[in-house]
Amino acid sequence: NRVNCAMPVDYISRDSHDIPANGNPLFFAIKGEHCDANLLTGDVLARNKNTVVIGEIVHDNGIKVSDFNGAMAIVARKFYNFPDKKMNIVAVTGTNGKSTIGFLLRHLLDKCGLFGTIEYDVGGQILDSANTTPAALDFYKLVDRCAKNGCENVALEASSHAIKQKRIFGLAIDVAIFTNLSHEHLDYHGTLENYFAAKKKLFTGGNGALPKVSLVNIDDEYGLKLLDTLKANGQRVYGFGFSQHSDFHIVGIQKSSLAGSTFTLKHENQSHNFETKLFGDYNIANITASLAAAKILGYNFGQLGQRLATHGGIPGRLDGMPLKTGAMAFVDYAHTPHALEMVLSALLQQPHGRLISVFGCGGERDRAKRAPMAAIVTKMSDNSIATADNTRGEPLGQIFDDMRHGVACANDAMEFVADRRTAIERAVKLSEMGDIVLIAGRGHENDLKIGSKIFHFNDKEVLKEINAKL
């Protein structure tokens, strides 16, 4: 529609306010949940008549596309001159473990950028993480910054939303990692099979390109399904885990305490011993995935073992703090049934008195996981306290009612405390020498969304404040 296809594009954006008055920009007119940018194209063109609008609706000076999200990714990748081809890209997906593996990879690999739930690292410069995986225009722009800042590697958390919405479409992936799949995001995907189908695209070409190598956790039932599919396709794939059929086989854990673990990994008939400050079977599996990816990229296990031993942990992931009561408190991001079970299991394996747990369920999100979460926490903890966790616009009473369905004797087995600070304080004051206190659900997060208001609230900061007043 009257578009000069030979025009040199010098700017791309999805923000109408960001379009410059000069030059030849592309504007991606997104029809979002709260705003339809197609209604703003008149203002954009008035500011710069050379702007080419790309969208799902035909404009006088625009290009109509049927696959809007895919078009954004393709254009962005080309505009920034294929920055992903200039570095090794390791993409990890799965319900749990993505952030841990991302942080481990950044520590193990040389000059490694990072995109994930906790933060974005574009080569020594740390940025706030708006989403686990940025939108396509932002993503490829940030990957380009990684390349320009001297990164040789990039570790990326690829969320199911990002894959389905084509935020990283076309990405040249050197190693793709699958961790596990369990109950999460069913409010978005509908079923576990749909959720798995979204993750699977990263490995089977549905993301626009096949990864060079795939690493799959074969202790997970969906991981086994994925492994079989990739082998049938003739793709290069390795299994990792505790299963004796793993290519990267965790032979055994020799020591596991709150101070860390030692374990043995077998690969190609050779055994290698590693030491880490992390503990818990699931963390050893996450470490194994990270070591395997680094090995595939050319690192040797001797070098990796030295680096692993100096890794200090991940913010908001079994983030420990001693209490004045003599108990040990941990802040963790676990907010799914499977994640809670894994974290609680890891803590129960340690010498302890009682296990006291504080947790909540987010509002306006998957309601079906609330009862299972309550059942797991009540079953595995000596004392359970349910509280608020990002209720958003949903009444806390409704969330508590859903949680009660998972507890046989809710009033006796679980306390319901509306205010999160009060709940954490209650848990701390209940604790005694040798006890373990778990504050679950939010981990590293700094903002608490209650109704239409957003408050600064960091679980570990609150824990420190409460502990200091004892």
Expected output: side-chain [X] to main-chain [Y] donor-acceptor under 3.5 Å:
X: Asn446; Y: Asn458; value: no
X: Asn88; Y: Asp174; value: no
X: Lys166; Y: Asn207; value: no
X: Lys369; Y: His335; value: yes
X: Ser384; Y: Ser381; value: no
X: Thr133; Y: Ser159; value: yes
X: Thr378; Y: Ala375; value: no
X: Asp220; Y: Thr179; value: no
X: Asp435; Y: Ala327; value: no
X: Asn131; Y: Pro134; value: no

Say whether [X] and [Y], considering side chains only, have a donor N or O and an acceptor N or O under 3.5 Å apart.
X: Asn273; Y: Thr264; result: yes
X: Ser214; Y: Arg236; result: no
X: His338; Y: Thr95; result: no
X: Thr276; Y: Ser261; result: no
X: His107; Y: Thr310; result: yes
X: Asn180; Y: Asn217; result: no
X: Ser345; Y: Tyr282; result: no

Between [X] and [Y], is any pair of side-chain heavy atoms under 4.5 Å apart?
X: Leu215; Y: Val92; value: no
X: Met380; Y: Leu348; value: yes
X: Ile439; Y: Phe359; value: no
X: Val437; Y: Met328; value: no
X: Gln349; Y: Phe279; value: no
X: Leu137; Y: Ile12; value: yes
X: His189; Y: Ser160; value: yes
X: Ile177; Y: Thr93; value: no

I'd like to know whether [atom1] of [X] has more than 12 heavy-atom contacts from other residues, nucleotides or ligands below 6.0 angstrom.
X: Lys86; atom1: NZ; value: yes
X: Lys255; atom1: NZ; value: yes
X: Asn300; atom1: CG; value: yes

Given the rule in the salt bridge (Lys or Arg N to Asp or Glu O under 4.0 Å) test, do Arg354 and Asp382 qualify, once you have shown the distances and angles that lead to the verdict? CA-CA 6 Å; Arg354 294 171 301 155; Asp382 295 286; over 6 Å; no

Shortest non-hydrogen contact from [X] to [Y]?
X: Phe242; Y: Asp281; result: CE1-O, 3.7 Å
X: Ile101; Y: Ala289; result: CD1-CB, 3.9 Å
X: Ser99; Y: Arg317; result: OG-NH2, 3.2 Å
X: Ala334; Y: Val343; result: CB-CG2, 4.0 Å
X: Ser256; Y: Gly280; result: OG-N, 4.1 Å
X: Gly116; Y: Ser129; result: O-OG, 2.6 Å

(request) Over 60° means perpendicular and under 30° means parallel, so classify the ring planes of Tyr222 and Phe196, tilted if in between. (result) tilted

For [range], which residue pairs qualify under salt bridge (Lys or Arg N to Asp or Glu O under 4.0 Å), counting only residues two or more places apart or in two chains?
range: residues 295-314; answer: Asp110-Arg307
range: residues 138-149; answer: Arg14-Asp138, Asp144-Lys148
range: residues 333-353; answer: none

Side chain to side chain donor-acceptor pair (under 3.5 Å) pairs touching residues 111-123, sequence neighbours excluded, are Arg106-Glu119, Arg106-Asp121, Thr117-Thr132, Thr117-Glu157

Hits for salt bridge (Lys or Arg N to Asp or Glu O under 4.0 Å) against Glu364, two or more places apart or cross-chain, chain-then-number order -> none

Interatomic distance, NZ@Lys449 vs CZ@Arg392, rounded to 0.5 Å, equals 6.0 Å

Between the OG atom in Ser243 and the CZ atom in Phe248, the distance rounded to the nearest 0.5 Å is 14.5 Å

With salt bridge (Lys or Arg N to Asp or Glu O under 4.0 Å) as the test, would you mind laying out the steps for Arg421 and Glu425 before giving the verdict?
CA-CA 6 Å; Arg421 181 183 292 271; Glu425 185 174 17; over 6 Å; no

Notebook entry, point to check: Would Lys199 and Glu184 satisfy salt bridge (Lys or Arg N to Asp or Glu O under 4.0 Å), going step by step from the backbone distance to the final call?
Noted result: CA-CA 12 Å; Lys199 299 281 190 187; Glu184 175 70 328; over 6 Å; no

Could you go step by step and tell me if Arg442 and Asp332 meet the salt bridge (Lys or Arg N to Asp or Glu O under 4.0 Å) rule?
CA-CA 7 Å; Arg442 293 175 40 75; Asp332 195 89; over 6 Å; no

Using the side chain to side chain contact (heavy atoms under 4.5 Å, CB included) rule, take Ile385 and Ser357 through it: C-alpha gap first, then chi angles, then the decisive distance, then the call.
CA-CA 6 Å; Ile385 303 172; Ser357 300; over 6 Å; no

Inset, instruction - For this output row, return yes or no: ring centroids of Tyr80 and Tyr140 closer than 6.0 angstrom. - result: no

Checklist entry - Does the ring center of His267 lie less than 6.0 Å from the ring center of His272? => result no

Query raised in the report: If you draw the axis of the six-membered ring of Phe416, does the NZ or CZ of Arg404 fall within 45° of it and under 6.0 Å from the ring centre?
Result: yes

Quick note, ring pair (Phe, Tyr, Trp, His ring centres under 6.0 Å) partners involving residues 424-470, not counting sequence neighbours, are Tyr333-His444

Test ring pair (Phe, Tyr, Trp, His ring centres under 6.0 Å) applied to Tyr195 and Tyr188, step by step
CA-CA 9 Å; Tyr195 182 28; Tyr188 180 74; 9.5 Å; no

In sequence, state the C-alpha distance, the side-chain angles, and the governing distance for Leu202 and Ile168, and then conclude on side chain to side chain contact (heavy atoms under 4.5 Å, CB included). CA-CA 9 Å; Leu202 191 73; Ile168 57 172; 4.0 Å; yes

- prompt: Do Arg367 and Asp187 meet the salt-bridge criterion of a basic N to acidic O distance under 4.0 Å?
  reply: no

